[in-house]
Amino acid sequence: RAKERGRNRYEFFTAEINERVQRRIALESRLRLAVQQSEFELHYQPIVQAEGRRPVALEALLRWRQPDGTLEAPGHFICVAEEVGLIGEIGAWVIETAIRETAQLFGREASAPRVAVNVSPRQLRDPSFVIRVTEALAAHGLPPNRLELEITEGVLMDETPEVTDALHRLCGLGVRLSIDDFGTGYSSLSYLQRYPFDMLKIDRCFVSNATDGAAAARLVETIIMMAHGLGLETIAEGVETEEQFGFLQSKGCDQMQGYLLGRPAPLAEIAARFPAADAPSARPLEMAAGDG
Ligand code: C2E
Ligand code: MG
Ligand code: MG
Ligand code: MG
């Protein structure tokens, strides 16, 4: 009987694995098509200065338009894209689109809002990445300091010379570098010294706990002090309540991002929140938003 049970269990597992593999293969081929048929869109979420809540940047967040019209967030499909080697193409589209849309909407002044783009490990290892970024900036006339690249700290785990070199070249161009999701990865504090980061994004899990107790509060306070001590600006992610905002501001956090300040939305919607006077060289809004 035990043997039979064992076999049943085995068959159960194979069926399940089989189904998972099938789903995975289906997703992979849908992703390949999505790249060709440009089913991707960018939403943007405002990042505001803590003092005065003036929006200073937008984070570009990838969305995938489904046949039924709904938008899929990248949580799952980004991982698959990385594994099957599609992230290079998708990532290149994201960078190009984010730079183009930002330049169109806000113009080319160095003081206009910046755009923050998430970058995957694979992309940084690709020797053509830095060249692509340089070309996209030049093609759309966006000053390099208006582009921020967000790198999740886990990425830096494998310290290949390619990654180190890419980060230093990007820094040399004047592009700003942020360490994303700080505190969640396999953090090594020495990264902060070794790589030319400008900003540190405090992960949402610390932000949501910050107002729950003295220990969590001290942790956030310490992260902010440490970042400042190393010459990094701090951005709090996932700020959802006034209480969190007030606490973070009182601890000197420089910038805030989260549902309290604005949810990710199509560029045309977001644009309404930014003063148009900042964009003398921008094209009319209808053009930038026309293909939505
Ligand atoms: P992330 O870079 O840490 O981006 C922040 C995520 O938190 C976004 O999820 C955003 O919608 C969400 N968020 C913002 N404010 C709040 C809040 O107040 N509360 C809550 N609960 N969530 C908030 P999203 O858009 O689903 O993106 C998830 C992750 O996918 C991103 O995390 C980023 O790591 C990755 N990602 C997004 N776009 C791209 C892309 O173009 N390329 C790559 N490689 N990764 C991307
Ligand atoms: Mg990010
Ligand atoms: Mg991230
Ligand atoms: Mg993050």
Side-chain angles (χ1 to χ4, degrees), residues 31 34-35 38-48 55 57-65 70-102 114-126 129 132-133 136 147-156 176-185 187 197-211 223 234-245 248 253 255-267 269-270:
L31 263 178
V35 174
S38 27
E39 293 169 5
F40 295 110
E41 299 172 21
L42 293 181
H43 277 192
Y44 293 87
Q45 186 178 31
I47 298 174
V48 309
L58 297 170
E59 179 172 359
L61 294 161
L62 186 60
R63 298 290 181 265
W64 181 10
R65 180 73 65 183
T70 59
L71 285 180
E72 196 171 311
H76 179 53
F77 73 78
I78 279 280
C79 300
V80 175
E82 278 177 30
E83 285 173 28
V84 303
L86 282 171
I87 193 66
E89 248 180 289
I90 297 175
W93 179 86
V94 171
I95 294 234
E96 213 274 331
T97 305
I99 289 174
R100 175 170 45 79
E101 293 189 335
T102 305
R114 302 188 302 261
V115 67
V117 177
N118 292 284
V119 171
S120 277
R122 282 258 198 135
Q123 286 175 271
L124 276 183
R125 273 187 234 121
D126 180 345
F129 179 75
R132 281 229 186 97
V133 171
L147 176 66
E148 282 171 25
L149 297 179
E150 298 193 356
I151 298 145
T152 301
E153 58 177 332
V155 172
L156 306 172
R176 297 165 63 112
L177 301 175
S178 315
I179 188 158
D180 203 352
D181 305 335
F182 181 78
T184 59
S187 351
F197 285 111
D198 301 287
M199 282 165 289
L200 180 154
K201 300 191 78 170
I202 304 167
D203 192 74
R204 172 157 55 93
C205 67
F206 296 108
V207 171
S208 58
N209 289 334
T211 47
I223 293 174
T234 48
I235 304 177
E237 297 191 272
V239 179
E240 293 182 348
T241 68
E242 287 293 345
E243 195 190 359
Q244 290 164 357
F245 189 103
L248 289 155
C253 184
Q255 292 170 15
M256 315 274 186
Q257 177 180 11
Y259 294 165
L260 176 70
L261 294 322
R263 286 178 182 258
L267 189 62
E269 257 170 64
I270 293 293

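Both ligands and their constituent atoms are indexed starting at 1 by order of listing.
Taking every heavy atom of both residues into account, Glu72 and Phe77 meet most closely at O-CE2, 3.5 Å. The nearest pair of heavy atoms linking Arg263 to Ile270 is O-CD1, 4.0 Å. Residue Asp198 comes nearest to Arg176 through the heavy atom pair OD2-CA, 3.2 Å, listed as atom of the first residue, atom of the second, then distance.
At a heavy-atom cutoff of 4.0 Å, ligand 1 is contacted by both the backbone and the side chain of Asn118. Contact annotation: for Leu42 versus ligand 1, there are no heavy atoms closer than 4.0 Å. For Glu237, every heavy-atom contact with ligand 1 shorter than 4.0 Å involves the side chain, none the backbone. At a 4.0 Å heavy-atom cut-off, ligand 1 does not touch Leu260 at all.
Using a 3.5 Å distance cut-off with no hydrogens or angles, the side chains of Lys201 and Gln257 do pair a donor with an acceptor. Side-chain contact, Glu101 with Tyr44: a donor N or O sits under 3.5 Å from an acceptor N or O.
Considering backbone and side-chain N/O atoms, Gln257 never comes within less than 3.5 Å of an N/O atom of ligand 1. In terms of polar-atom proximity, defined here as any N/O pair under 3.5 Å, Leu62 does make such a contact with ligand 1.
Below 4.0 Å from some heavy atom of Ala73 lie the following atoms of ligand 1, by number and element: 26 (O). If you number the atoms of ligand 1 from 1 as listed, the ones under 4.0 Å from a heavy atom of Ser120 come out as 44 (N). Heavy-atom contacts of Gly258 reach the following atoms of ligand 1: 15 (N), 18 (O) (cutoff under 4.0 Å). Interface atoms of ligand 1 facing Glu240, defined by a heavy-atom separation under 4.0 Å, are 17 (C), 18 (O), 19 (N), 20 (C), 21 (N). Of all atoms in ligand 1, numbered sequentially from 1 with element shown, those under 4.0 Å from a heavy atom of Gln45 are 14 (C), 15 (N). Every atom of ligand 1 with a heavy atom of Arg204 under 4.0 Å away is listed here by number and element: 19 (N), 20 (C), 21 (N), 22 (N). In summary, the atoms of ligand 1 found under 4.0 Å from a heavy atom of Gly238, numbered by their order in the structure, are 16 (C), 17 (C), 18 (O). For ligand 1 and Pro264, the ligand atoms under 4.0 Å from any heavy atom of the residue are 11 (O).
Remark: side-chain polar atoms of Thr241 are paired, donor with acceptor, to backbone N or O of Gln244 under 3.5 angstrom.
A salt bridge between Arg114 and Glu148 is present, with a side-chain N of the basic residue lying under 4.0 Å from a carboxylate O of the acidic one. A salt bridge is defined here as a Lys NZ or Arg NE, NH1 or NH2 lying under 4.0 Å from an Asp or Glu carboxylate O, and Arg65 with Glu41 meets this definition.
Within the 4.0 Å heavy-atom cutoff, Glu59 counts among the residues contacting ligand 1. Within the 4.0 Å heavy-atom cutoff, Arg63 counts among the residues contacting ligand 1. In this structure, Thr152 does not count as a contact residue of ligand 1, since none of its heavy atoms falls inside 4.0 Å of the ligand. Using a 4.0 Å heavy-atom cutoff, Pro74 is listed among the residues neighbouring ligand 1. Residue contact annotation: Gly75 has no non-hydrogen atom under 4.0 Å from ligand 1.
No more than 12 heavy-atom neighbours from other residues, nucleotides or ligands sit within 6.0 angstrom of CD on Glu89.
The OE2 atom of Glu59, the Mg ion (ligand 2) and the OD2 atom of Asp180 define an angle of 170° (nearest 10 degrees).
Contact annotation: the side chain of Glu269 approaches that of Pro266 to within less than 4.5 Å [non-hydrogen atoms, C-beta and beyond]. Residues Leu71 and Trp64 fail the side-chain proximity criterion, which asks for heavy atoms closer than 4.5 Å. Two residues are said to be in side-chain contact when any heavy atoms from C-beta on lie closer than 4.5 Å; Ser208 and Glu240 fail this criterion.
The distance from the Mg ion (ligand 2) to the nearest N/O/S atom of Asn118 is under 2.8 Å.
Nearest N/O/S atom of Glu237 with respect to the Mg ion (ligand 4) is recorded as OE2. Closest N/O/S atom of Glu150 to the Mg ion (ligand 2): OE1. Nearest N/O/S atom of Asp181 relative to the Mg ion (ligand 4): this is OD1.
Of the residues Asn118, Ile179, Val117, the one that meets the side-chain contact (heavy atoms from CB on, under 4.5 Å) test with Glu150 is Asn118. The side-chain contact (heavy atoms from CB on, under 4.5 Å) test with Leu58 is passed by exactly one of Ile47, Thr102, Leu267: Leu267.
Checking Phe40, Tyr259, Trp93 against atom 12 (C) of ligand 1, the nearest heavy atom belongs to Tyr259.
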Review point. Taking it one step at a time, do Trp93 and Leu42 satisfy side chain to side chain contact (heavy atoms under 4.5 Å, CB included)?
Key: CA-CA 10 Å; Trp93 179 86; Leu42 293 181; 3.9 Å; yes

